[in-house]
Novice: 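Pasting a structure here, questions to come.
None of the values given here were measured: they were computed from a predicted structure. Residue numbers begin at 1 in each chain, while the letters A, B, ... track the order of the sequences.
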2 protein chains.
Amino acid sequence: MSYEFDQRIPVYLQVIALFKQRIATRELAPGQEIPSRRELAAQLGINPNTAQRAYKEMEEQQLITTERNVPSRITMDERIVEKIRSELLEAAVTEFIQSVQAIGAPLPEVVGKIEQAYANRGKQHA
Amino acid sequence: MSYEFDQRIPVYLQVIALFKQRIATRELAPGQEIPSRRELAAQLGINPNTAQRAYKEMEEQQLITTERNVPSRITMDERIVEKIRSELLEAAVTEFIQSVQAIGAPLPEVVGKIEQAYANRGKQHA
DNA sequence: CTTACTGTATTAAGTGAGTAATACACCTGT
DNA sequence: ACAGGTGTATTACTCACTTAATACAGTAAG
């Protein structure tokens, strides 16, 4: 189950990103239990402290809730879940626009490529 | 003229990205002289060695050419210029698709957001 | 009660990429 | 010849991130 992490990016940030994605897709449902720090560390092949750091930040961002001596859970707050989704989406759009604009590429050409790539990916996966 | 660099990302990589964009848009034309390492460093407020590292990698990627004791120049090879553009574009598309797919967002919603954001940005800038 | 998990905190050390400081060899114009 | 500009190379320093080793308090189940 160990993920392949990009060495250029801090692992704890990648862990957070991973959880955000799964929360956004409801793959991790609101209220659902998540692995303990030590367990996650074992699963991902990272140090428990790194897992702790990721969880701590997620807690601060209210992505997860933690009670005493009980496995942490995904937040029950639907608004936060939706917020995560919209933030991820907006970030993707913004970054994309910025990149495309920097190259000076025309919109039709770009949208065409997206639809094409999206269609291909869809076939391969689902 | 000093740029605002993202501290999370190595400066020399951001410098390279900057040049790639300008080359792709022909803002930096083939054969055009570019600032010396020290001059660029002064302009961007970075260390000359950082500029050197960026130039060195760009040289390896054949984005620029360097002769002895003469200011480096943008490559004359049009194919490379076009390659840069297509690579940047494809990278943007790929990354975008990946992000969107990870969230499980439907294509129409996404394309709509792009067109909307693109239109707004266009108004603000140009 | 004991055991074995939880989450949390502290401290330290290691690691590596990025950056910086410095020096060198070279060419050119004056 | 000299001064000032090239590109280049070598060597250190720096800092964030990661890992590590413990330690402690609390809950749950046996």
Novice: Any ring pair (Phe, Tyr, Trp, His ring centres under 6.0 Å) pairs touching residues 47-71 of chain B, not counting sequence neighbours?
Specialist: Phe19(B)-Tyr55(B)
Novice: Out of dG18(C), dA21(C), dC17(D), which has the shortest distance to the side chain of Asn47(B)?
Specialist: dA21(C)
Novice: Taking for each residue the nucleotide of DNA chain C bearing the nearest heavy atom, is the 5' side occupied by Glu59(A) or by Gln7(A)?
Specialist: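 Upstream on the strand: Glu59(A).
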Novice: Please write out each protein N/O paired with an N/O of nucleotides 10-15 of chain C under 3.5 Å, distance rounded to 0.1 Å.
Specialist:
none

Novice: Among dT8(D), dT6(C), dT19(D), which nucleotide sits nearest the side chain of Thr50(A)?
Specialist: dT19(D)
Novice: CD1 of Ile34(B) versus C1' of dT6(D): gap in Å, rounded?
Specialist: 13 Å
Novice: Is a donor-acceptor pair below 3.5 Å formed from side chain Arg38(A) to base dG7(C), judging by atom type as modelled?
Specialist: yes
Novice: Give a yes or no answer on whether the side chain of Gln14(A) reaches the backbone of Ile9(A) with a donor-acceptor pair at less than 3.5 Å.
Specialist: yes
Novice: For dG7(C), does OP1 or OP2 lie under 4.0 Å from any side-chain N or O of Thr66(A)?
Specialist: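 Checking dG7(C) against Thr66(A), no side-chain N or O comes under 4.0 Å of OP1 or OP2.
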Novice: If you compare every side-chain N and O of Tyr55(B) against the phosphate oxygens of dG7(D) (OP1, OP2), does one of them come in below 4.0 Å?
Specialist: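 It does not, given that no N or O in the side chain of Tyr55(B) lies less than 4.0 Å from OP1 or OP2 of dG7(D).
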Novice: In whole Å, what is the span from the CZ atom of Arg37(B) to the P atom of dT19(C)?
Specialist: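 Rounded to the whole Å, the gap is 17 Å.
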Novice: Which comes earlier along DNA chain D counting from the 5' end, the contact point of Asn69(A) or that of Ile46(A), where each point is its nearest nucleotide?
Specialist: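 By nearest-heavy-atom nucleotide position, the 5'-most residue is Ile46(A).
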Novice: Whole angstrom is fine here: how far is it from CD1 in Ile9(B) over to P in dC15(D)?
Specialist: 20 Å
Novice: Choose from dT6(C), dC17(D), dA20(C) the nucleotide whose nearest atom is closest to any side-chain atom of Glu39(A).
Specialist: dT6(C)
Novice: Is the side chain of Arg73(B) donor-acceptor paired with the backbone N or O of Gly31(B) at a distance under 3.5 Å, no angle test?
Specialist: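 Confirmed, Arg73(B) side chain pairs with Gly31(B) backbone.
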